[in-house]
Amino acid sequence: MVPPGRVTTYGAIARYIGSPQSARMVGWAMNGSHTQQEYVPAHRVINRIGMLTGKHHFRGSRVMQELLESEGIEVEEDCVVHFRTLFWDPNTELI
DNA sequence: ATAGTGACGGCGG
DNA sequence: ACCGCCGCCACTA
(Lines give C-alpha, C1' and ligand atoms only; values in the text may rest on other atoms or scores of the structure.)
Protein backbone atom coordinates (compact mmCIF):
# COMPACT_ATOMS: atom_id res chain seq x y z
CA MET A 1 0.00 0.00 0.00
CA VAL A 2 3.00 2.30 0.26
CA PRO A 3 2.45 4.93 -2.42
CA PRO A 4 5.09 5.49 -5.11
CA GLY A 5 7.60 8.12 -4.13
CA ARG A 6 7.17 7.34 -0.43
CA VAL A 7 8.94 4.89 1.88
CA THR A 8 8.16 3.06 5.10
CA THR A 9 10.09 0.93 7.55
CA TYR A 10 10.16 -2.69 8.70
CA GLY A 11 9.33 -1.61 12.21
CA ALA A 12 6.38 0.55 11.14
CA ILE A 13 4.86 -2.39 9.28
CA ALA A 14 5.49 -4.69 12.24
CA ARG A 15 3.69 -2.23 14.51
CA TYR A 16 0.81 -1.93 12.08
CA ILE A 17 0.19 -5.68 11.99
CA GLY A 18 0.20 -5.80 15.78
CA SER A 19 3.59 -7.40 16.23
CA PRO A 20 5.88 -4.47 17.06
CA GLN A 21 8.84 -6.65 18.04
CA SER A 22 8.91 -8.61 14.82
CA ALA A 23 10.49 -6.19 12.40
CA ARG A 24 12.90 -8.93 11.33
CA MET A 25 10.00 -11.06 10.21
CA VAL A 26 8.85 -8.24 7.95
CA GLY A 27 12.20 -8.40 6.23
CA TRP A 28 11.86 -12.15 5.97
CA ALA A 29 8.44 -11.68 4.40
CA MET A 30 9.92 -9.32 1.82
CA ASN A 31 11.93 -12.26 0.49
CA GLY A 32 8.80 -14.13 -0.43
CA SER A 33 7.37 -10.96 -1.96
CA HIS A 34 9.39 -11.53 -5.13
CA THR A 35 7.56 -14.74 -5.94
CA GLN A 36 4.11 -13.39 -5.11
CA GLN A 37 1.71 -12.76 -7.94
CA GLU A 38 0.47 -9.55 -6.43
CA TYR A 39 2.85 -6.64 -6.87
CA VAL A 40 4.76 -5.90 -3.69
CA PRO A 41 6.84 -2.69 -3.70
CA ALA A 42 9.46 -4.12 -1.36
CA HIS A 43 11.94 -1.44 -2.44
CA ARG A 44 9.88 1.11 -0.51
CA VAL A 45 10.63 -0.68 2.76
CA ILE A 46 13.83 0.46 4.45
CA ASN A 47 15.14 0.54 8.00
CA ARG A 48 14.32 3.09 10.63
CA ILE A 49 17.22 5.38 9.83
CA GLY A 50 16.48 5.45 6.12
CA MET A 51 19.10 3.05 4.84
CA LEU A 52 18.61 0.56 2.00
CA THR A 53 19.60 -2.44 4.09
CA GLY A 54 17.68 -4.84 1.87
CA LYS A 55 19.33 -3.94 -1.41
CA HIS A 56 21.27 -7.21 -1.67
CA HIS A 57 18.06 -9.17 -1.97
CA PHE A 58 17.19 -7.70 -5.35
CA ARG A 59 18.43 -9.14 -8.62
CA GLY A 60 21.22 -6.59 -8.75
CA SER A 61 22.64 -4.66 -5.85
CA ARG A 62 21.67 -1.40 -7.57
CA VAL A 63 18.09 -2.36 -8.44
CA MET A 64 16.55 -1.18 -5.18
CA GLN A 65 18.13 2.24 -5.51
CA GLU A 66 17.18 2.50 -9.17
CA LEU A 67 13.56 1.66 -8.42
CA LEU A 68 13.43 4.35 -5.75
CA GLU A 69 15.10 6.91 -7.99
CA SER A 70 12.65 6.11 -10.76
CA GLU A 71 9.95 7.27 -8.35
CA GLY A 72 11.74 10.52 -7.69
CA ILE A 73 13.38 9.51 -4.44
CA GLU A 74 16.95 10.66 -3.97
CA VAL A 75 19.39 8.08 -2.65
CA GLU A 76 22.86 8.92 -1.41
CA GLU A 77 25.30 6.48 0.16
CA ASP A 78 22.54 3.83 0.45
CA CYS A 79 20.50 6.37 2.35
CA VAL A 80 17.18 7.96 1.37
CA VAL A 81 17.53 11.73 1.28
CA HIS A 82 14.71 13.57 3.09
CA PHE A 83 13.68 10.28 4.68
CA ARG A 84 11.71 12.06 7.37
CA THR A 85 9.39 13.85 4.98
CA LEU A 86 9.07 10.86 2.62
CA PHE A 87 8.27 8.47 5.47
CA TRP A 88 4.85 6.88 5.04
CA ASP A 89 3.59 5.38 8.28
CA PRO A 90 0.73 2.88 7.93
CA ASN A 91 -0.08 3.46 11.59
CA THR A 92 -1.11 7.05 10.89
CA GLU A 93 -1.96 6.91 7.19
CA LEU A 94 -4.19 3.86 7.29
CA ILE A 95 -6.98 4.51 9.75
C1' DA B 1 17.90 -31.55 19.10
C1' DT B 2 20.78 -27.58 18.87
C1' DA B 3 23.27 -23.56 17.51
C1' DG B 4 23.92 -19.89 14.40
C1' DT B 5 22.03 -16.34 11.25
C1' DG B 6 19.55 -12.47 9.89
C1' DA B 7 15.89 -6.96 4.62
C1' DC B 8 15.08 -4.92 12.69
C1' DG B 9 14.64 -2.02 16.58
C1' DG B 10 14.20 -0.59 21.53
C1' DC B 11 16.79 0.10 25.59
C1' DG B 12 20.60 0.65 28.78
C1' DG B 13 25.39 1.98 29.56
C1' DA C 1 26.24 9.73 19.45
C1' DC C 2 27.98 5.09 19.79
C1' DC C 3 28.05 0.45 21.28
C1' DG C 4 26.19 -4.00 22.99
C1' DC C 5 22.36 -6.79 24.50
C1' DC C 6 18.34 -9.11 23.62
C1' DG C 7 13.50 -10.10 22.02
C1' DC C 8 11.73 -11.78 17.90
C1' DC C 9 11.03 -16.37 15.02
C1' DA C 10 11.77 -18.84 10.41
C1' DC C 11 15.22 -21.16 8.44
C1' DT C 12 19.58 -23.76 7.82
C1' DA C 13 23.51 -26.69 8.84
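Sequence lines set the chain letters: A, B, ... in the order given, protein chains first and strands last, and positions in each chain run from 1. The figures that follow rest on heavy atoms only: side chains count, while hydrogens, waters and symmetry mates do not.
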Under a 3.5 Å threshold, yes or no: a donor from one side chain and an acceptor from the other, between H43(A) and E71(A)? yes

If you check every side-chain atom of H34(A), which of dG9(B), dA10(C), dA7(B) has the closest atom? dA7(B)

C1' spacing across the pair dA7(B) / dC2(C), given as an integer number of angstrom: 23 Å

Minimum-distance nucleotide to S22(A) side chain [options: dC8(B), dC8(C), dA7(B)]: dC8(C)

Using atom CE of M30(A) as one end and atom C1' of dA10(C) as the other, report the distance to the nearest whole Å. 15 Å

What's H43(A) touching, base or sugar-phosphate or nothing? Going by heavy atoms closer than 4.0 Å. nothing

Looking only at the side chain of W28(A) (C-beta and beyond, no hydrogens), which of the listed nucleotides dA10(C), dA7(B), dC8(C) gets closest? dA10(C)

Atom OH of Y10(A) to atom P of dA7(B): distance rounded to whole Å? 9 Å

N47(A) CG to dA7(B) P, in whole Å, measures 11 Å

Nearest whole angstrom, please: distance from the P of dA10(C) to the CD of Q21(A). 15 Å

Integer-rounded Å distance: dC8(B) P and I17(A) CD1: 15 Å

Give a yes or no on whether the backbone of A12(A) and the side-chain of N91(A) come within a donor-acceptor separation of less than 3.5 Å. yes

Reckon R15(A) has a side-chain N or O less than 4.0 Å from the OP1 or OP2 of dC8(B)? no

dT5(B) versus dG4(C) - spacing of their P atoms, nearest Å: 16 Å

Same hydrophobic cluster for V7(A) and V2(A), using side-chain heavy-atom links shorter than 4.5 Å among ILVMFWY? no

Taking every non-hydrogen atom, the tightest pair across T8(A) and W88(A): OG1-O, 2.8 Å

dG7(C) base to R24(A) side chain: any donor-acceptor pair below 3.5 Å? yes

Taking C-beta and beyond as the side chain, do T53(A) and I46(A) meet within less than 4.5 Å on heavy atoms? no

Find the distance K55(A):NZ to dA7(B):P and express it as a whole number of Å. 13 Å

Once you apply a heavy-atom cut-off of 4.0 Å, does S19(A) come out as touching a base, just sugar-phosphate, or nothing? nothing

Is there ring stacking between H57(A) and dA7(B), where the centres must be under 5.5 angstrom apart and the planes under 30 degrees? yes

Taken to the nearest whole Å, CG/L68(A) to P/dA7(B) is 18 Å

